[in-house]
There are 2 protein chains.
Amino acid sequence: MDNLDLKIIYLLKENSRITIKNISKKINLTAPAVKSRMDKLIKNKLIESFTIKVSSTLEKRKFISFITLFMKTTSHEQLQHFLKNNIGVLEAYRISGNGCYLIKFIYKNDNDLITFLDQISLYGTHQINTSIAQIK
Amino acid sequence: MDNLDLKIIYLLKENSRITIKNISKKINLTAPAVKSRMDKLIKNKLIESFTIKVSSTLEKRKFISFITLFMKTTSHEQLQHFLKNNIGVLEAYRISGNGCYLIKFIYKNDNDLITFLDQISLYGTHQINTSIAQIK
DNA sequence: TATGAAATGCAATAGTC
DNA sequence: GACTATTGCATTTCATA
């Protein structure tokens, strides 16, 4: 993992359909050398996937809420394990300020939300803020 | 924009380096037809960019705070314009619950944060939660 | 909007240093 | 770990339906 690998990653991040030959020109290496570096980056999971960004108008509409959790127990490990394995949890942060965790939760309907809230009620109380419009 | 376009988008989302020929086989179209559809999807910005997902260990360490804004004015449009054009604002939501906006803000140092808080103080008061560890 | 054919260029492999 | 050379395949363009 050196500077050339970082340049390859940077170029692919800008345009993942760039040709290997094109990369090789930009970083002064031959095409086979670039390919073998790319293969290694993929194998070592430094590059996780090749994908596209799609217009948000195409994505399915879903609900998003931000849940602040105030712990009443000290079962942090158990909670973190639960959060990591819940598919609705997009992001989760341990915070300092007002509360212990801030959780970004995505869901289709009220039922999904209620189920989730019931589950975290084992660990503490919560306060919930629901997005009513995404500005950005 | 029809079902074939959606299939192309789906295939590219799974692997943005898939060859055009390979797409053409999967959806029973010729390569030139797939190419012209792809060009159109890009031109119409239904595909916004071709990119890669990079291992999170490679990303620069940055600070993240969640800022709840309690409006004291009614200058929503002005605020939303400001949020949209501030590069530190990763996401911003109009919320119901406790507060008016929830803002996810990324920054390198305290100075960046203070500048931002000063700017939004024109619109209202805030409460801030700072991530001290990302669980997920 | 799709197709087929042709020219160009790229990818991928093997062999070498 | 990188280079050159080779082979086969993909991309792209254009004329046509």
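Worth saying up front: this structure is predicted, and the values here are computed from it rather than measured. Each chain gets a letter, A, B and so on, in the order its sequence line appears, and its residues count up from 1. All values below come from the heavy atoms of this structure, side chains included, with hydrogens, waters and symmetry mates left out.
- Note on A:K40: a side-chain N or O is less than 4.0 Å away from OP1 or OP2 of D:dG1.
- Between A:R17 and A:S36, the one whose closest nucleotide on DNA chain D sits nearer the 5' end is A:S36.
- Every residue two or more places apart in sequence or in another chain that forms a side chain to side chain contact (heavy atoms under 4.5 Å, CB included) with B:K26 is listed here: B:L11, B:I18, B:N22.
- In this entry the distance linking CD1 of A:I20 with C1' of D:dA2 reads 15 Å, nearest Å.
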Anything under 3.5 Å between a donor and an acceptor, one on a side chain of residues 87-98 of chain B, the other on a protein residue two or more places apart or in another chain? List them.
{"from": "B:E91", "atom 1": "OE1", "to": "A:K104", "atom 2": "NZ", "distance (Å)": "2.5"}
{"from": "B:E91", "atom 1": "OE1", "to": "B:Y93", "atom 2": "OH", "distance (Å)": "2.4"}
{"from": "B:E91", "atom 1": "OE2", "to": "A:K104", "atom 2": "NZ", "distance (Å)": "3.1"}
{"from": "B:E91", "atom 1": "OE2", "to": "B:K104", "atom 2": "NZ", "distance (Å)": "3.4"}
{"from": "B:Y93", "atom 1": "OH", "to": "A:Q134", "atom 2": "NE2", "distance (Å)": "3.4"}

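- Under 3.5 Å, the side chains of B:Y101 and B:H76 contain a donor-acceptor pair of N or O atoms.
- Not a single donor-acceptor pair under 3.5 Å links the side chain of B:N44 to the backbone N or O of B:L46.
- Legend: residues meeting side-chain hydrogen bond (donor to acceptor under 3.5 Å, both in side chains) with A:D39, ordered by chain and number and at least two apart, are A:K35.
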From CA spacing to verdict: side-chain contact (heavy atoms from CB on, under 4.5 Å), B:F82, B:F116: CA-CA 10 Å; B:F82 166 70; B:F116 181 70; 3.7 Å; yes
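- Between its opening and closing five pairs, the helix from C:dT1-D:dA17 to C:dC17-D:dG1 changes axis direction by 40°, a value rounded to 10 degrees.
- As rounded to whole Å, 21 Å separates atom P of D:dA5 from atom NZ of A:K35.
- With a heavy-atom cut-off of 4.0 Å to chain A, the contacted part of DNA chain C has its first and last nucleotide at C:dC10 to C:dT13.
- Contacts of residues 21-30 of chain A with DNA chain C (heavy atom under 4.0 Å): A:K21.
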Could you go step by step and tell me if B:S65 and B:I128 meet the side-chain contact (heavy atoms from CB on, under 4.5 Å) rule? CA-CA 7 Å; B:S65 285; B:I128 179 162; 3.8 Å; yes
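- Remark: side-chain polar atoms of A:T68 are not paired, donor with acceptor, to backbone N or O of A:H126 under 3.5 angstrom.
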Derivation of the side-chain contact (heavy atoms from CB on, under 4.5 Å) call for B:V34 and B:I27: CA-CA 9 Å; B:V34 171; B:I27 66 175; 4.2 Å; yes
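- Of the possible donor and acceptor atoms, one in the side chain of A:T73 sits under 3.5 Å from a partner among the backbone N and O of A:S75.
- A straight line from CZ of B:R37 to P of D:dT11 spans 17 Å, rounded to a whole angstrom.
- Proximity of a side-chain donor or acceptor of A:S16 to a complementary backbone N or O of A:L12 within less than 3.5 Å is not detected.
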